[in-house]
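The analysis underlying the following values was restricted to heavy atoms, covering all of them including side chains, and did not include hydrogens, waters or symmetry mates.
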Amino acid sequence: MESSIWTLLSWGPEGWSRSIAYGVFTTVSLALATLPIGLFIGFLIALAKQSSEPSLRLAGNIYTTIFRGLPELLTLFLVFYGAQLGIQQVARMFDPNAAIEINSFVAGMVALGVMFSSYASEVFLSAFRAIPAGQYEGGYSIGLTKGQTMRLVVLPQLIRIALPGLSNLWLILLKDTALVSVIGLSDILRQATIASRVTKESFLFFGVACLAYLVLAIISSFGIRAVERAVGETEMHR
């Protein structure tokens, strides 16, 4: 039995390690591709929610209410199936025979991005509120524009304050990538599911999947600590 397990976990023709490794690569790639999109949109939503313009505040609140209220899996289905139908209808206005399919990776990235951004916006908003108004006034008093004040005075403090919350969201994002297995993307969970069905060794391969996610979380924790130290050293030298 022991030798058969090592055979199943080998890189050879009868092994599944190559497939699991590809799933790890897909999972990490998806998470890394989603992160900047989610951070950027979340930052913009946070700016909108603290804007003096009522329509922007309303739009920001509606956005976060929708995507924090919907189940993650339902959001993924809406993007993968709903957006695909919508794009096809628009394309057929110009070409009746047009057939457009949304790539699973892109659909997963968009769905995870909007979900991540809805929570990240709350983290950014809390960080904005933690920065005293005097920081803005101080920047204006020395002749900085609003953009310069945001970039040179507010943003460094914002990153330091928001980093713990964003770090937790990154770990959640890493785990939420498992959802994309239902739309056919070959991530860790899907590869483990295929391997377990073929070999009838469900406990083995789902255990390997658990181990892969735990290793990614541990590596992420080390990376997060390194970023926190770098940000702390930057603040000390300012």
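- Residues V208 and V198 share a hydrophobic cluster, clusters being chains of Ile/Leu/Val/Met/Phe/Trp/Tyr side chains in contact below 4.5 Å.
- Closest approach of L189 to A178, counting heavy atoms only: CD2-O, 3.8 Å.
- For the atom pair E72 CD and I172 CD1, the distance stands at 9.0 Å (nearest 0.5 Å).
- A pairwise comparison of heavy atoms in I161 and A130 identifies CD1-CB, 4.1 Å as the closest pair.
- Between atom CG of residue L30 and atom CG of residue L35 there is a gap of 11.0 Å, rounded to the nearest 0.5 Å.
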Exercise for the section: Kindly determine whether F43 and L158 satisfy side-chain contact (heavy atoms from CB on, under 4.5 Å), including the steps that lead there. Expected result: CA-CA 10 Å; F43 182 74; L158 186 77; 3.4 Å; yes

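- Remark: the E53 side chain and the S55 side chain contain an N/O donor-acceptor pair separated by less than 3.5 Å.
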Practice task
Could you walk me through whether F116 and I37 pass the side-chain contact (heavy atoms from CB on, under 4.5 Å) test, one step at a time?
Solution key: CA-CA 9 Å; F116 182 91; I37 296 173; over 6 Å; no

Practice task
Report the C-alpha separation of T64 and K49 in whole Å, then their side-chain angles, then the decisive distance to 0.1 Å, and conclude whether the side-chain contact (heavy atoms from CB on, under 4.5 Å) test is met.
Solution key: CA-CA 10 Å; T64 54; K49 293 182 73 169; 3.3 Å; yes

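- Atom CZ of F206 sits about 4.0 Å away from atom OG1 of T193, to the nearest 0.5 Å.
- Under the 4.5 Å side-chain heavy-atom criterion for Ile, Leu, Val, Met, Phe, Trp and Tyr, L125 and L163 are members of distinct hydrophobic clusters.
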Exercise for the section: Starting from the C-alpha separation in whole Å, work towards a yes-or-no answer on side-chain contact (heavy atoms from CB on, under 4.5 Å) for I159 and F124. Expected result: CA-CA 9 Å; I159 293 173; F124 282 127; over 6 Å; no

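- Closest approach of L76 and A107 over heavy atoms only: CD1-O, 4.1 Å.
- The two residues V180 and G108 make their nearest non-hydrogen contact at CG1-CA, 3.9 Å.
- You'll find the side chain of S196 stays beyond 4.5 Å of the side chain of F203, heavy atoms only.
- Grouping the Ile, Leu, Val, Met, Phe, Trp and Tyr side chains by contacts below 4.5 angstrom, directly or via other members, places L169 with L39.
- A donor and an acceptor atom, one from each side chain of Y63 and S117, are located under 3.5 Å apart.
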Side chains of residues 215-228: which donor-acceptor pairs under 3.5 Å do they make with residues two or more places apart or in other chains?
| from | atom 1 | to | atom 2 | distance (Å) |
| --- | --- | --- | --- | --- |
| S220 | OG | W170 | NE1 | 3.0 |
| S220 | OG | L216 | O | 2.8 |
| S221 | OG | A217 | O | 2.9 |

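- Linking ILVMFWY residues whenever their side-chain heavy atoms come closer than 4.5 Å, directly or via other members, places L78 and F105 in the same cluster.
- Taken from CZ in R68 to OH in Y119, the straight-line distance is 6.0 Å, to the nearest 0.5 Å.
- Across all their heavy atoms, M109 and A33 have their closest contact at SD-CB, 3.5 Å.
- To the nearest 0.5 angstrom, E201 atom CD is 9.5 Å from L9 atom CG.
- Contact of the Y213 side chain with the T177 side chain is registered, since non-hydrogen atoms from C-beta on lie closer than 4.5 Å.
- A continuous path of hydrophobic side-chain contacts links M115 to I66 [ILVMFWY only; heavy atoms under 4.5 Å].
- In this structure, F205 and W16 have perpendicular ring planes: the angle between them is above 60°, well past the 30° mark.
- In plain terms, the two heavy atoms of L204 and L8 that are nearest each other are CD2-CD1, 4.1 Å.
- No side-chain donor-acceptor contact under 3.5 Å links T34 to the backbone of G113.
- Counting non-hydrogen atoms of neighbouring residues, nucleotides and ligands closer than 6.0 angstrom, the CZ atom of R57 exceeds 12 such neighbours.
- Atom CD1 of I20 and atom CD1 of I194 lie 9.0 Å apart (nearest 0.5 Å).
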